Amino acid sequence: QVQLVESGGGLVQAGGSLRLSCTASGRTNINYAMGWFRQAPGKERECVAAINWNGGSTYYADSVKGRFTISKDSAKKIVYLQMNSLKPEDTAVYYCSARASPRLWVGSADYDYWGQGTQVTVSS
């Protein structure tokens, strides 16, 4: 079992930046693929970024390419999502996820562990 806790959400004006953090605890001696998902009211949960176990492969949704960056600090057991040039349509609850697998995964059904989510609100 691994526990995930997100932090760093908040209210920001359009064009601003936020950095989300996901701290893992528990059984962290296994290599995990990690993902950041978001869910806006009335919409399905979507993967915005994912990273494989060693950080060598990443995925970004088209809507965030060039604006968001996913990274991981394995020593600290933290995964980050740097979000720049934020838009009102980025407003959502953002979730961190993990799967005990070396490869990259982008489907919500692919992940076994989830954080509680952190709200990101971008005002126009």
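These numbers come from the heavy atoms of this one structure, side chains and all, not from hydrogens, waters or symmetry mates. Given the structure is predicted, the values throughout are model-derived calculations rather than measurements.
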Worksheet entry | Distance in Å, S97 OG paired with E6 CD, rounded so as to fall on 0.5 Å steps | 9.0 Å
Item to complete: Check whether any side-chain heavy atom of E46 sits under 4.5 Å from a side-chain heavy atom of Q39, and report yes or no.
Response: no
Item to complete: Determine, using the 4.5 Å side-chain heavy-atom cutoff (strictly less than), whether Y80 and Y113 are members of one ILVMFWY cluster.
Response: no
Discussion item. Applying side-chain contact (heavy atoms from CB on, under 4.5 Å) to Y60 and T69, what does each step give before you reach the verdict?
Written reply: CA-CA 8 Å; Y60 295 97; T69 303; 3.7 Å; yes
Worksheet item: Shared ILVMFWY cluster between M83 and M34, side chains joined below 4.5 angstrom?
Response: yes
Worksheet item: In terms of hydrophobic clusters joined by side-chain contacts under 4.5 Å, are V48 and V12 together?
Response: yes
Worksheet entry | Quiz item: cation-pi between R103 and W105, 6.0 Å / 45° | yes
Worksheet item: In a check of side-chain contact (heavy atoms from CB on, under 4.5 Å) between L11 and each of V122, T121, V120, which one passes?
Response: T121
Item to complete: Kindly indicate whether a cation-pi arrangement holds for R45 with Y95, taking the cut-offs as under 6.0 Å to the six-membered ring centre and within 45° of the axis.
Response: yes
Response to the item:
So CG of L18 and CG of N84: to nearest 0.5 Å the spacing works out to 9.5 Å
Worksheet item: OH of Y32 to CG of N52: how many Å apart, nearest 0.5 Å?
Response: 15.5 Å
Fill in: Salt bridge present between D90 and K87 (N-O < 4.0 angstrom)
no
Worksheet item: Is it true that F37 and W114 have ring centroids separated by less than 6.0 Å?
Response: yes
Practice prompt. Could you state whether V2 and I70 fall into the same hydrophobic cluster, counting links through intermediate Ile, Leu, Val, Met, Phe, Trp or Tyr residues with side-chain heavy atoms under 4.5 angstrom apart?
Written response: yes
Discussion item. Count I, L, V, M, F, W, Y as connected when their side-chain heavy atoms are under 4.5 Å apart, and connections chain through other members. Are I78 and L81 then in the same cluster?
Written reply: no
Worksheet item: Is the backbone N or O of D110 less than 3.5 Å from a side-chain atom of R99, with the two atoms forming a donor-acceptor pair by type?
Response: yes
Worksheet item: Got a second to check how far S7's OG is from R19's CZ, nearest 0.5 Å?
Response: 9.0 Å
Worksheet item: Under 30°, 30 to 60°, or over 60°: which ring-plane class applies to F68 and Y94, parallel, tilted or perpendicular?
Response: tilted
